[in-house]
2 protein chains.
Amino acid sequence: MRNRAGLETRQKILDATRSLLSERGLEGTTVKAVCDRASVRAGSFYNLFDSKEQVVMAVMREAIQAVDPDPEGTGDVGVGDLIEAYISYLGNDPALARVYLLVAINGSLTDEDTARRIARHHADRTDRFVAAMRHDRPELAATEIVARVEALLAALNGYTMQALLDPSFDFAAHARRLLTMEPAGDGA
Amino acid sequence: MRNRAGLETRQKILDATRSLLSERGLEGTTVKAVCDRASVRAGSFYNLFDSKEQVVMAVMREAIQAVDPDPEGTGDVGVGDLIEAYISYLGNDPALARVYLLVAINGSLTDEDTARRIARHHADRTDRFVAAMRHDRPELAATEIVARVEALLAALNGYTMQALLDPSFDFAAHARRLLTMEPAGDGA
DNA sequence: CGCTTTCTTGAGCATTCACTCTAATTTGAA
DNA sequence: TTCAAATTAGAGTGAATGCTCAAGAAAGCG
């Protein structure tokens, strides 16, 4: 093993970047702050990463990956399972969830690649939820399922945002309640 | 009228700041960029505003105000009216909506005052929607109404975020569809 | 032990940032 | 027309940013 030390430093930098992004946002996450928190000098940073942007993107990819723990191939997953997985993820590592929203909204304005990445992830997530709802409610029409999933995910994202803004917000309870909601057909 | 010129310049600066925030986000909105777009020199900027933060806050207050056009005192407003108002606002001036989300998520991390302002606005908006839903469905229990409004607003915010990320997203159609959704009581 | 590769250091670079200041210009009341 | 206040211009400040680089320390191989 030739570069163990380098890998350890790399991890320290990633950890520092993730926590800083979560605590202070994009603007507050400077290379100096990252280096200080990681106990590393600027030279080491640029020995392992080409730019600040590259680290931020690495953390964001980490966040995207984590948003929905991968049930890879499991066919009998319901919407409830996906929601529960998301709840526990957001409870265990709120930092990553914050980073996701932060970088999505900020990065998408300036960086086209980020915008595509986020869009792609959202499409994948929608597909996953659609499959889960088809498993739960095989009697529903395809378009109906998509519409419900879109509303569900929008609400989930809205609650995530709220949790980011207000730490005392009970995300789990609100998220679970979404499970009991469904279209009435003809509304008020 | 002693300071008409100053007022015009002030407006030019506010317009430039709003559009820049919407297009490039907080980081991309520099004082130089604002001055360039407003065709004004730095000296004029600081003659009218104390700091960059002050202009950003002014635009944000504008955005908060605009998010829900004020029906001030009108008692017979339904949820549908509020949603339609929001749709037309977001359609007519997407820049302000983007600014709102942007500053809410970024500013709340660093600035405590912004965080309070956003929280307060969210509470007010919730109250408005609760009143509207009470008008539509007087038979529902208070707690039930609050729960539905919370889900509705979360979905609305989620869709807003999506519209910000993807300009081709049909916000109006999705927002209107939320009107037809309601809890099933006992879900799947 | 020697020797190459990998890693770290930390001073320092160019650039950009928000912001200041003085002098000049414009404005509007008298 | 006069004059003072309001407004603007634009060079300039210091601090902070992302990033570079030459030199040395540490690590792993023979």
Side-chain angles (χ1 to χ4, degrees), chain A residues 1-60 99 102-103 106-107 109-111 113-114, chain B residues 1-60 99 102-103 106-107 109-111 113-114:
Chain A
M1 190 174 295
R2 195 72 166 181
N3 49 0
R4 199 189 49 199
L7 288 179
E8 280 171 10
T9 304
R10 192 185 159 85
Q11 198 52 52
K12 281 198 296 183
I13 290 176
L14 284 174
D15 291 343
T17 304
R18 189 187 320 112
S19 64
L20 273 171
L21 279 173
S22 161
E23 289 170 25
R24 306 190 196 168
L26 254 186
E27 269 188 297
T29 304
T30 65
V31 173
K32 179 179 174 353
V34 168
C35 288
D36 284 354
R37 184 167 291 199
S39 297
V40 150
R41 249 41 57 187
S44 302
F45 180 99
Y46 284 100
N47 179 48
L48 295 163
F49 296 94
D50 288 344
S51 66
K52 170 190 166 180
E53 196 197 354
Q54 196 178 87
V55 202
V56 172
M57 290 297 277
V59 172
M60 190 201 66
V99 169
L102 224 46
V103 179
N106 286 286
L109 285 182
T110 47
D111 185 47
D113 183 56
T114 302
Chain B
M1 190 175 293
R2 195 72 165 183
N3 48 1
R4 199 188 52 199
L7 286 179
E8 279 170 11
T9 304
R10 192 186 158 85
Q11 198 52 53
K12 282 198 295 180
I13 291 175
L14 283 174
D15 291 344
T17 304
R18 187 186 321 112
S19 64
L20 274 171
L21 279 174
S22 162
E23 289 170 25
R24 306 191 196 166
L26 256 184
E27 267 187 299
T29 304
T30 65
V31 173
K32 179 179 175 356
V34 168
C35 288
D36 283 354
R37 184 165 291 198
S39 299
V40 150
R41 251 40 58 187
S44 303
F45 180 98
Y46 283 100
N47 178 48
L48 294 163
F49 296 95
D50 289 343
S51 66
K52 170 190 168 180
E53 195 198 355
Q54 196 179 86
V55 201
V56 172
M57 290 297 278
V59 172
M60 190 200 67
V99 168
L102 223 47
V103 178
N106 287 285
L109 286 182
T110 46
D111 185 46
D113 183 56
T114 302

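Reminder, nothing fancy here: chain letters follow the sequence lines and each chain counts from 1. The analysis underlying the following values was restricted to heavy atoms, covering all of them including side chains, and did not include hydrogens, waters or symmetry mates.
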task = Can you tell me the distance, in whole Å, between the CD atom of B:Glu53 and the C1' atom of C:dC19?
result = 14 Å
task = Provide, to the nearest angstrom, the distance between the CD atom belonging to B:Glu8 and the P atom belonging to D:dT7.
result = 11 Å
ask   = Taking A:Thr17 for the side chain and A:Ile13 for the main chain, is one N or O donor matched with an acceptor at less than 3.5 Å?
value = yes
message = Does anything in residues 25-35 of chain B form a side chain to side chain donor-acceptor pair (under 3.5 Å)? List the pairs, not counting sequence neighbours.
response = B:Lys32-B:Asp36
key: Side chain to side chain, B:Phe49 and B:Leu14, heavy atoms closer than 4.5 Å   = yes
key: Nucleotide D:dA9, atom P - distance to CD1 of B:Ile13 in whole Å   = 10 Å
query = So, is B:Ser44 near the phosphate of D:dT7, with a side-chain N or O under 4.0 Å from OP1 or OP2?
reply = no
message = Could you tell me if the side chain of A:Asp15 sits less than 4.5 Å from the side chain of A:Lys12, heavy atoms only?
response = no
query = What is the distance, rounded to the nearest whole Å, between atom CD of B:Gln11 and atom C1' of D:dT7?
reply = 17 Å
ask   = The side chain of A:Arg41 lies closest to which of these nucleotides: C:dC19, C:dT9, C:dC7?
value = C:dT9
Identify each atom pair where a protein N or O and an N or O of nucleotides 16-18 of chain C are less than 3.5 Å apart, giving names and distance.
unit_1	atom_1	unit_2	atom_2	d
C:dA18	OP1	B:Lys52	NZ	3.1
C:dA18	OP2	B:Val31	N	2.9

ask   = To the nearest Å, how far apart are B:Asp36 CG and D:dG10 P?
value = 12 Å
inquiry  = When you compare the side chain of B:Val34 with that of B:Val55, does any pair of heavy atoms fall below 4.5 Å?
reply    = no
query = Can you check the B:Leu48 CG to D:dT8 P distance for me, whole Å?
reply = 6 Å
query = What integer distance in Å separates A:Leu26:CG from D:dT17:P?
reply = 14 Å
message = From CG of B:Asn47 over to P of C:dC19, roughly how many Å is that when rounded to an integer?
response = 15 Å
task = Could you tell me which non-hydrogen atom of B:Asp113 sits nearest to which non-hydrogen atom of B:Met57, and how far apart they are?
result = OD2-CE, 3.7 Å
